[in-house]
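Worth knowing before you read on, the calculation uses all heavy atoms, side chains too, and leaves out hydrogens, waters and symmetry mates. Letters go in sequence order (proteins before strands), and every chain restarts at 1.
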Amino acid sequence: MKETYFPQEIEKKWQKIWQDNNSFKTSDDSDKPKYYALSMFPYPSGKLHMGHVRNYTITDVIARHKRMNGYNVLHPIGWDSFGLPAENAAMKHGANPETWTDENIKYMTKQLKMLGLSYDWDREVTTCKPDYYKWTQWLFLQLYKKGLVYKKEAAVNWCEECGTVLANEQVIDGKCWRCDHVVEKKYLSQWFLKITDYAEVLLDDLDKLTGWGDNVKTMQANWIGKSQGAILKFKVVEKDIEIPVYTTRPDTAYGITYLVVAPEYKDIEALTTPENKEAVEAYRANARKMTEIERLSTERIKTGVPLGTHCKNPFTGEVFPLWTADYALAEYGTGAVMAVPTHDTRDFEFAKKYNLPMKVVIVPEGSEEKPLSEAYTQDGVMVNSNEFNGMKNTEAKKAITQKAVKGGFGEFKTQYRLRDWLISRQRYWGAPIPVVYCEKCGIQPVPEEQLPVLLPTDVDFSVVGKSPITTSKTFVETTCPVCGGKARRETDTMDTFVCSSWYYLRYSDAKNDKMPFDREKVNKWLPVDQYVGGIEHAILHLLYSRFFTKALRDIGLLDFDEPFKNLLTQGMVLKDGSKMSKSKGNTVDPDEIFENYGADTARLFILSDSPPARDFDWSDAGVEGCYKFLNRVWRLIATNSENIINDYKIEFPLSKENDNLVRAVHIAIKGISADIENDFQFNTVISKYRELVNTIYDRCSLKKIVSDEDKNVLSFAIITLLKLMAPVSVHLCEEAWYQLGNNTSIHDEMWPRYDENLAKASSITLVVQINGKVKDKIEADESSTEEELKNIALASPKIKELMQGKTIIKTIVVPKKLVNIVIK
RNA sequence: GCCCUGGUGGCGGAAUCGGUAGACGCGUCGGACUUAAAAUCCGGUUGAGGUUAAACUCAGUGCCAGUUCAAGUCUGGCCCAGGGCACCA
């Protein structure tokens, strides 16, 4: 065995063997329990980055560890390959998006194989291929039939840079999630998925997801934004119009002093008197001009104008003015707000500015009514509210709403922030929405047997201001599936998040050409046992996928209601304290690391310095350190290879029960197994590899390995080390295993077992404290009784000295650990 | 403003139940080997005081209190950093 470690040589050799043998193919028929390990599939942008390396290494180690523990593991990969970058590249270089995408997939596949990932490549899925998007379209039709798809004219988010609309979830701080361009409002007719039908269950079922972090769950809960309150209806005095408002504070209904409608409110023109028309029109025009960012700024002073008309408070008979102000949002609730300046900070601010009256209706318990310098928004006792006076406001919420229900001017109402998912995109490179518009029959879904609706190839990518797909005559002009007459095909394609909302289901049956997946297979493999990916998908992808799973269950395509049982959100990969990015110029190219150090070093390092969920700071010195460690492991095996016996025997009980190396191996197996079970703490797993290697080196340097027993113990230690390291250092361990004379794969070996009695030190260090401070440490027998430990402690010369002239108040003995003597 | 994370040496980070704070590594310092360097191997490395050297002493896990024989860990109140949401009535 060569004493020098040549990773590049070893890695190439085994990668070829694994590929030729299809070593990681997963069988659907196996007696073993199933385990589904999944990484979020990549967008084929061109090259892998370190975030990918981290993500896929983590999942790969999990998959390999489970395989060694007797599971039938599904560990697939695929490509989220529709999307704008391909189309932009096509426009820039005059190429076809498909060619660009295919080339990227080819290159990145090569890189994934160089990383030594144990994928079942037979299940690869590519969302931009007709054999996949056919089923995306098919699923769209099933949702359509179920009434979960609709088209409507609405104010939508428009990104001029991308030339398309965006879902609410894709607008970050008023800007486009992809290009950072400011998002505008446009009125367009677009396709929506009714995710709001599932708002309640998407929220409730978060409780079932015990394997998800609280951070992700709260983000989803906040996004769904459930609130409970009431709808109260107000009659307009001057017109025959009723204005409903949504409020979470019906308890303040007796304190209303004005009412606000959004500038976009549907009845606003009818509610405006001729004298106020000019001012209102000007205000509305100005509101339209403002960007979302300007309008949402909390720094901005609130503005508004009166409409000139009035409303009547059904509780009090009081009449108060109607205003329009842009702090009322058209899209939330009813678009109208009842204003109670005394108990709402926004209304208070507004009323102050425009000198509108205020009326206190809640006071802190046990205190008198007095003028307010700011809104009182806490709980208290009702005043100035007729029959509700003296009641706690928390009770009045219900009581006042009940009064409104009885009087026919209100009802209980649960409101969500979540909006329906806008899936139309005015782009070419996406799955075509399978719908046609017939002059006679209207909107008609494409019949299932006509799927897939293929993307056209006679397309002019150089057009500006409209989707390239509209330039294809063969695509746009079609016939109606109902009457056979002239019809026009829908030119919008689907948001790529639709494609990625079901790909994890397709892996269970990736080659099915009759259905998106076989029901039995999907139920066998799903839910995903461990999902690994970036936190940036906390809302978008994870919420959409949960929605899809629930909707498909209700349609009857599958039998589970949550797709991802456990979720690990990995931290970012940083360099010099900030996120690796091309613009900062602090990226590290995985190819260079593979070339200079090998994939095993990259894998080891990316797992070693931080727990998976935390951010990871890349350092060149750290890479170097890991490379040295692998060299050290290799040297350890190479220099001892003639002393390593594959069929070593260690008799239990050991002839030398106190052999510290045997114990160290058992301790390592126990500790490493536990660290993996406990949230995949690979950083401590690796520190335990190092500890074990150090202990083996100590043994070899302290004594010559000559006797059979020495050889047995050393062989046990080294072979166990190789098995423990096999999931991480996949090539090195395979090669060493082979060099030691094995003709099987180490990756088919069983994970080592440990003996509880040997997985601990042979003696204990007794800590002796006086008044809680450590004063002495004494080696003691592990089996000592509490009384014996106490006596050992008291017999210590140091302790004796410190106790002179003092009296013992009490002695605490923690078995096998510590004695604390309390003295005065 | 609200919500979620986190705060431990020069650095990344360890520390099942409250029970030896700083595992393991990086960096650094010293030693061995070498003509020399690299590589490798061995050892020191929280701070302050103390000693020829040790022993030893004190302080120490963002801050302030509390519970306890004992607190990085539990409780209450703050401060700071990162992330999310935000005129959602």
Side-chain angles (χ1 to χ4, degrees), chain A residues 4 172-173 213-223 225-227 229 245-249 252 260 262 295-300 302 325-329 331-340 343-347 349-350 415-419 535-536 538-539 569 571-572 574 605 608-611 613-626 628-629 631-632 635 671 674-675 678 681 683-691 693-694 697-698 701 765-777 798 809-823:
Chain A
T4 318
I172 316 286
D173 291 334
D214 285 338
N215 52 346
V216 179
K217 286 194 278 186
T218 13
M219 277 162 78
Q220 292 211 356
N222 290 342
W223 189 261
K226 179 179 179 172
S227 74
V245 306
Y246 172 71
T247 180
T248 54
R249 296 297 306 272
T252 62
V260 182
R295 200 170 149 178
L296 290 181
S297 167
T298 43
E299 309 294 302
R300 222 175 105 241
K302 295 190 193 344
D326 60 11
Y327 81 89
L329 305 173
E331 317 89 65
Y332 185 77
T334 63
V337 189
M338 63 180 222
V340 185
H343 304 294
D344 181 282
T345 48
R346 294 154 300 185
D347 298 342
E349 192 191 317
F350 192 80
Q415 183 73 38
Y416 300 91
R417 268 186 21 134
L418 184 72
R419 315 279 157 83
I535 185 80
E536 66 274 17
I539 293 170
T569 48
M572 287 186 299
L574 313 176
F605 178 54
S608 67
D609 266 11
S610 302
R614 253 195 260 181
D615 287 350
F616 176 88
D617 209 344
W618 183 276
S619 77
D620 296 337
V623 180
E624 198 72 40
C626 286
K628 281 184 191 172
F629 174 70
N631 273 284
R632 189 168 148 86
R635 213 163 31 242
D675 286 352
N678 181 20
Q681 287 185 47
N683 55 330
T684 54
V685 166
I686 288 160
S687 72
K688 281 165 184 147
Y689 292 162
R690 292 177 185 272
E691 282 175 347
V693 169
N694 290 344
Y697 262 93
D698 284 348
S701 68
T765 306
L766 181 70
V767 174
V768 186
Q769 297 179 329
I770 289 183
N771 293 343
K773 302 228 169 203
V774 179
K775 294 294 169 185
D776 201 4
K777 293 169 192 177
K798 268 188 212 164
I809 296 170
K810 142 176 181 190
T811 311
I812 290 110
V813 181
V814 183
K816 297 177 188 183
K817 261 191 187 146
L818 164 147
V819 176
N820 186 16
I821 305 164
V822 186
I823 60 170

Of A/Asp615 and A/Asn678, the one whose nearest nucleotide on RNA chain B sits closer to the 5' end is A/Asp615

Figure out the CD/P separation between A/Glu536 and B/G83, and round it to whole Å.
14 Å

Separation of A/Lys217 atom NZ from B/G83 atom C1', in whole Å?
18 Å

Minimal non-hydrogen separation, A/Val822 against A/Ile812, with atom names
CG2-CD1, 4.3 Å

d(CD, A/Gln681; C1', B/U16) in whole Å:
10 Å

Please state how far atom CZ in A/Phe616 lies from atom P in B/C26, giving the value in whole angstrom units.
14 Å

Which nucleotides of nucleotides 40-51 of chain B have their base under 4.0 Å from a protein heavy atom (B), which only their sugar-phosphate (S), and which neither (-), written as one string 5' to 3'?
SSS---------

Please enumerate all residues that pass side chain to side chain donor-acceptor pair (under 3.5 Å) together with A/Asn771, with sequence neighbours excluded.
none

Near A/Lys226 NZ, under 6.0 Å, is it more than 12 heavy atoms from other residues, nucleotides or ligands?
yes

Please tell me which of A/Ile686 and A/Pro611 maps to the more 5' nucleotide of RNA chain B, matching each residue to the nucleotide holding its nearest heavy atom.
A/Pro611

By side chain to side chain donor-acceptor pair (under 3.5 Å), A/Arg417 pairs with (sequence neighbours left out) none

Please give the distance between the C1' atoms of B/G9 and B/G62 as a whole number of Å.
15 Å

Indicate, with a heavy-atom threshold strictly under 4.0 Å, whether A/Arg690 touches base, sugar-phosphate, or nothing.
sugar-phosphate

Taking atom C1' in both B/C58 and B/G1, compute the distance separating them and give it to the nearest angstrom.
45 Å

Excluding sequence neighbours, so at least two apart, what forms side-chain contact (heavy atoms from CB on, under 4.5 Å) with A/Arg419?
A/Asn168, A/Glu331, A/Tyr332

Which value, in whole Å, describes the distance between the P atoms of nucleotides B/U61 and B/G72?
7 Å

So which atom in A/Asp615 and which in A/Ser610 form the shortest heavy-atom distance, rounded to 0.1 Å?
O-OG, 3.2 Å

P-based separation of B/U75 from B/G18 [nearest Å]
11 Å

Whole angstrom is fine here: how far is it from CD in A/Glu331 over to C1' in B/A86?
14 Å

Rounded to whole angstrom, note down the P distance from B/U5 over to B/C56.
42 Å

Decide, for B/G9, between syn and anti: a glycosidic angle within 90° of 0 counts as syn, anything else as anti.
syn

Close aromatic pair by centroid cut-off 6.0 Å: A/Phe605 and A/Phe616
yes

Short N/O separations, protein against nucleotides 65-69 of chain B, under 3.5 angstrom:
{"from": "B/C69", "atom 1": "OP1", "to": "A/Lys810", "atom 2": "NZ", "distance (Å)": "3.3"}
{"from": "B/C69", "atom 1": "O2'", "to": "A/Asn820", "atom 2": "ND2", "distance (Å)": "3.3"}
{"from": "B/C69", "atom 1": "O2", "to": "A/Asn820", "atom 2": "ND2", "distance (Å)": "2.4"}

From CD1 of A/Ile535 across to C1' of B/C85 the rounded distance in Å is 14 Å

Using the side-chain heavy atoms of A/Asn683, tell me which of these nucleotides is nearest: B/A23, B/G13, B/G84.
B/G13

What's the shortest heavy-atom distance between A/Cys626 and A/Arg690, and which atoms?
SG-NH2, 4.0 Å

Residues that A/Val767 engages under side-chain contact (heavy atoms from CB on, under 4.5 Å), provided they are two or more places apart:
A/Gln769, A/Val774, A/Leu818

As a test of reading the structure: which of B/U20, B/A23, B/C85 is closest to the side chain of A/Ser687, going by heavy atoms?
B/A23

Let me know the distance between CD of A/Glu691 and P of B/A23, rounded to the nearest Å.
10 Å

With rounding to whole Å, what would you report as the distance between B/G82 and B/G10 at their C1' atoms?
23 Å

Taking 4.0 angstrom as the limit, do A/Asp344 and A/Arg249 come out as a salt bridge?
no

Dot-bracket for RNA chain B: what is it, with Watson-Crick or G-U pairs under 3.5 Å, [ ] where a pair crosses earlier ones, and | for a pair to another strand?
(((((((..(((......[....)))((((((.......))))))((((......))))..(((((..]....))))))))))))....

Using the C1' atom as the point on both nucleotides, what is the distance between B/U73 and B/U8, in whole Å?
12 Å

Heavy atoms of A/Ala538 and A/Met219 approach each other most closely as CB-CE, 3.5 Å

5' to 3', nucleotides 56-61 of chain B under a 4.0 Å protein heavy-atom cut-off (B base, S sugar-phosphate only, - none) gives S--S--

Which letter, B, S or -, goes with each nucleotide of nucleotides 1-8 of chain B from 5' to 3', with contact meaning a protein heavy atom under 4.0 Å?
--SSS---

Indicate the atoms forming the closest heavy-atom contact of A/Tyr246 with A/Ser227, along with that distance.
OH-OG, 2.7 Å

Starting the side chain at C-beta, find the nucleotide from B/C85, B/G13, B/A89 nearest to A/Thr248.
B/A89

Could I get the full list of side chain to side chain donor-acceptor pair (under 3.5 Å) partners for A/Asn222, not counting sequence neighbours?
none

Atom CD1 of A/Ile539 to atom P of B/G83: distance rounded to whole Å?
15 Å

Counting any heavy atom closer than 4.0 Å, what does A/Val814 reach on the DNA or RNA strands: base, sugar-phosphate only, or nothing?
base

Would you classify B/C85 as syn or anti? Syn applies when the glycosidic angle is within 90° of 0.
anti

With sequence neighbours excluded, residues passing side-chain contact (heavy atoms from CB on, under 4.5 Å) with A/Asp620:
A/Lys575, A/Trp618

Closest to the A/Val767 side chain: B/U20, B/G27, B/C24?
B/U20

Heavy atoms of A/Ala328 and A/Ala262 approach each other most closely as O-CB, 3.3 Å

On a whole-Å scale, what distance lies between the C1' atoms belonging to B/A55 and B/C42?
25 Å

Sequence neighbours excluded, the answer for side chain to side chain donor-acceptor pair (under 3.5 Å) partners of A/Glu691 is none

Could you walk me through whether A/Ile686 and A/Phe629 satisfy the side chain to side chain contact (heavy atoms under 4.5 Å, CB included) test, starting with their C-alpha distance in whole Å, then the side-chain angles of each, then the deciding distance to 0.1 Å, before giving a yes or no?
CA-CA 10 Å; A/Ile686 288 160; A/Phe629 174 70; 5.6 Å; no

Phosphate contact (B/A89 OP1 or OP2) by A/Tyr327 side-chain N/O below 4.0 Å:
no

Distance-only, no hydrogens or angles: does the A/Tyr697 side chain make a donor-acceptor pair with backbone N or O of A/Arg632 under 3.5 Å?
yes

